[in-house]
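Down below is the structure, laid out as structure tokens.
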2 protein chains.
Amino acid sequence: MTHRLSDELICPVYRLQNIIGGKWKIIILYELSTQTRRFNELQRSIPGISKGILTQQLRELEADHMIHREVYKEVPPKVEYSLTTLAQSFIPIIQSMDEWGRKYLES
Amino acid sequence: MTHRLSDELICPVYRLQNIIGGKWKIIILYELSTQTRRFNELQRSIPGISKGILTQQLRELEADHMIHREVYKEVPPKVEYSLTTLAQSFIPIIQSMDEWGRKYLES
DNA sequence: CCGGATCCGTTTTGATACTG
DNA sequence: CAGTATCAAAACGGATCCGG
């Protein structure tokens, strides 16, 4: 997401949309909320996401200080993703979204 | 959003993403949370959104039973959008997102 | 084999003009 | 006023390639 919503906006919801607005970002944060994960592990846990877009959304979340990327200099490569404290403070909201979904969404 | 995430997924967060995943949907719900609005009024309250995409996202939210579209048969035309009770039950989550943004997002 | 980067096609969103 | 139509741009998806 290179394009961002207007900056001159008062409402925090607009700024938040710039952070979690990507198609998979809430899901990525949700998956990382229980445990640190490696790249391929994370991809397998999110059915339907492609490598390319996973990389991109992870980089954007990192730029927004929501995740931490830890690179281990090994062969084969090992990269672990985890939530920052900022993102951890957002997890309760994702949990309430999850609960709302359980309660109100059937299909 | 014609393309939807995999249906075979357990997690409600995935299904929720299909509903609120559009770029402007959370913002639309936020704007409608305080009052019923007409189309142009709604567009003016959301800087940066175009008519075309506003129409589309409103139609998708309507299909997901999140908003109600009331057409008055007048000249000039008058259409009012409001939240359904389903969407109203989701508003507390958007409010906590708003609070989170106020607390943690500076820029 | 792991974690990407790159290229390219499809989907979603944006901007503007036009209509009943 | 509340859209629709059209075309352009941006985001996303799939496949392949690559260094370590």
Side-chain angles (χ1 to χ4, degrees), chain A residues 1-9 14 17-28 31-32 36-64 67-82, chain B residues 1-9 14 17-29 31-32 35-64 67-82:
Chain A
M1 194 195 301
T2 46
H3 178 257
R4 301 223 149 190
L5 306 181
S6 173
D7 280 347
E8 354 150 13
L9 296 164
Y14 286 73
Q17 180 66 13
N18 285 330
I19 296 179
I20 57 151
K23 183 164 178 178
W24 300 95
K25 288 182 181 175
I26 290 177
I27 293 171
I28 291 169
E31 290 298 333
L32 290 179
T36 294
R37 287 188 194 269
R38 298 179 61 177
F39 184 87
N40 279 348
E41 194 182 357
L42 192 51
Q43 193 192 0
R44 280 192 299 272
S45 74
I46 305 177
I49 198 171
S50 69
K51 283 165 168 278
I53 214 64
L54 176 56
T55 300
Q56 181 200 305
Q57 308 240 324
L58 284 169
R59 291 287 148 78
E60 289 177 3
L61 284 169
E62 190 187 6
D64 287 326
I67 61 175
H68 174 69
R69 178 168 176 267
E70 183 78 31
V71 182
Y72 297 85
K73 293 179 181 171
E74 304 173 0
V75 175
K78 175 179 173 184
V79 180
E80 283 189 342
Y81 292 92
S82 58
Chain B
M1 193 196 301
T2 45
H3 179 257
R4 301 221 150 191
L5 306 182
S6 173
D7 280 346
E8 357 150 10
L9 296 164
Y14 285 73
Q17 180 65 11
N18 285 329
I19 295 179
I20 57 150
K23 185 163 178 178
W24 300 94
K25 288 182 181 175
I26 290 177
I27 292 171
I28 290 169
L29 295 174
E31 290 298 333
L32 290 178
Q35 56 189 304
T36 293
R37 286 187 196 271
R38 299 177 60 173
F39 185 88
N40 279 349
E41 193 182 358
L42 192 52
Q43 193 191 1
R44 279 192 300 271
S45 75
I46 304 177
I49 197 171
S50 68
K51 285 167 170 283
I53 211 62
L54 177 56
T55 299
Q56 181 201 304
Q57 308 240 323
L58 285 170
R59 293 286 146 78
E60 289 177 3
L61 284 168
E62 189 187 6
D64 286 326
I67 62 175
H68 173 69
R69 179 168 176 267
E70 183 79 32
V71 183
Y72 297 85
K73 293 178 181 172
E74 305 173 0
V75 175
K78 175 180 174 183
V79 179
E80 283 188 342
Y81 292 91
S82 58

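Throughout, a chain's letter reflects where its sequence line sits, starting with A, and its residues are numbered from 1.
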**Asked** Does a side-chain N or O from Gln43(B) land closer than 4.0 Å to OP1 or OP2 of dC1(D), or not?
**Response** no
**Request:** Would you confirm whether Gln17(B), through its side chain, and Trp24(A), through its main-chain N or O, come within 3.5 Å as a donor-acceptor pair?
**Result:** no
**Fill in**
Glu80(B) CD to dA2(D) P, in whole Å, measures 9 Å
**Request:** Take atom CD1 of Ile49(B) and atom P of dA2(D), then tell me their distance rounded to the nearest Å.
**Result:** 15 Å
**Request:** Compute the bend angle of the helix from dC1(C)-dG20(D) to dG20(C)-dC1(D) from the end axes (five pairs per end), rounded to 10°.
**Result:** 30°
**Prompt:** What is the distance from atom CD1 of Ile20(A) to atom CG of Asp64(A), rounded to the nearest 0.5 Å?
**Reply:** 11.0 Å
**Message:** Could you report the tightest heavy-atom contact between Ser50(B) and Gln43(B), atom names first, then the distance?
**Reply:** C-NE2, 3.9 Å
**Item:** Asn40(A) and Lys51(A), any side-chain heavy atoms less than 4.5 Å apart
**Value:** yes
**Asked** Leu58(B) versus Leu42(B): any side-chain heavy-atom pair under 4.5 Å?
**Response** yes
**Request:** Looking only at non-hydrogen atoms, find the nearest pair between Ile67(A) and Glu62(A) and report the distance.
**Result:** CG1-N, 3.6 Å
**Asked** Taking C-beta and beyond as the side chain, do Ile53(A) and Gln56(A) meet within less than 4.5 Å on heavy atoms?
**Response** yes
**Most 5' of Ile53(A) and Tyr81(B) on DNA chain D, judged by nearest nucleotide** = Tyr81(B)
**Whole-Å gap separating P (dG13(D)) and CZ (Arg4(B))** = 14 Å
**Item:** Whole-Å distance separating the CD atom of Gln17(B) from the C1' atom of dC12(D)
**Value:** 13 Å
**Prompt:** Rounded to the nearest Å, what distance is computed from the CZ atom of residue Arg37(B) to the P atom of nucleotide dG3(D)?
**Reply:** 16 Å
**Asked** Once you round it to whole Å, what is the distance between P of dA9(D) and NZ of Lys23(B)?
**Response** 15 Å
**Request:** Report yes if at least one side-chain N or O of Gln56(B) is closer than 4.0 Å to OP1 or OP2 of dT12(C); otherwise report no.
**Result:** no
**Fill in**
Nearest heavy-atom contact between Glu41(A) and Arg38(A) is OE1-N, 2.8 Å
**Request:** Check whether any side-chain N or O of Arg38(A) sits under 4.0 Å from OP1 or OP2 of dC2(C), and answer yes or no.
**Result:** no
**Message:** Could you tell me how far apart Leu58(B) (CG) and dG3(D) (P) are, to the nearest whole angstrom?
**Reply:** 8 Å
**Asked** Under 4.5 Å between any side-chain heavy atoms of Tyr14(A) and Pro47(B), yes or no?
**Response** yes
Please write out each protein N/O paired with an N/O of nucleotides 5-7 of chain C under 3.5 Å, distance rounded to 0.1 Å.
from: dA5(C); atom 1: OP1; to: Arg59(A); atom 2: NH1; distance (Å): 3.4
from: dA5(C); atom 1: OP2; to: Arg59(A); atom 2: NH1; distance (Å): 3.4

**Message:** Does any part of the side chain of Ile19(A), heavy atoms only, come nearer than 4.5 Å to the side chain of Lys25(A), both counted from C-beta?
**Reply:** no
**Message:** If you take any heavy atom closer than 4.0 Å to DNA chain C, which residues from residues 69-76 of chain B end up in contact?
**Reply:** none
**Message:** Using OP1 and OP2 only, check whether a side-chain N or O of Trp24(B) sits under 4.0 Å from dG14(C).
**Reply:** yes
**Request:** Would you indicate whether the side-chain heavy atoms of Leu32(A) and Tyr81(A) approach each other to under 4.5 Å?
**Result:** yes
**Item:** Interatomic spacing from OG1 in Thr36(B) to CD in Glu70(B) - rounded to 0.5 Å
**Value:** 9.5 Å
**Prompt:** Rounding to a whole Å, what distance do you find between Ile46(A):CD1 and dG13(D):C1'?
**Reply:** 15 Å
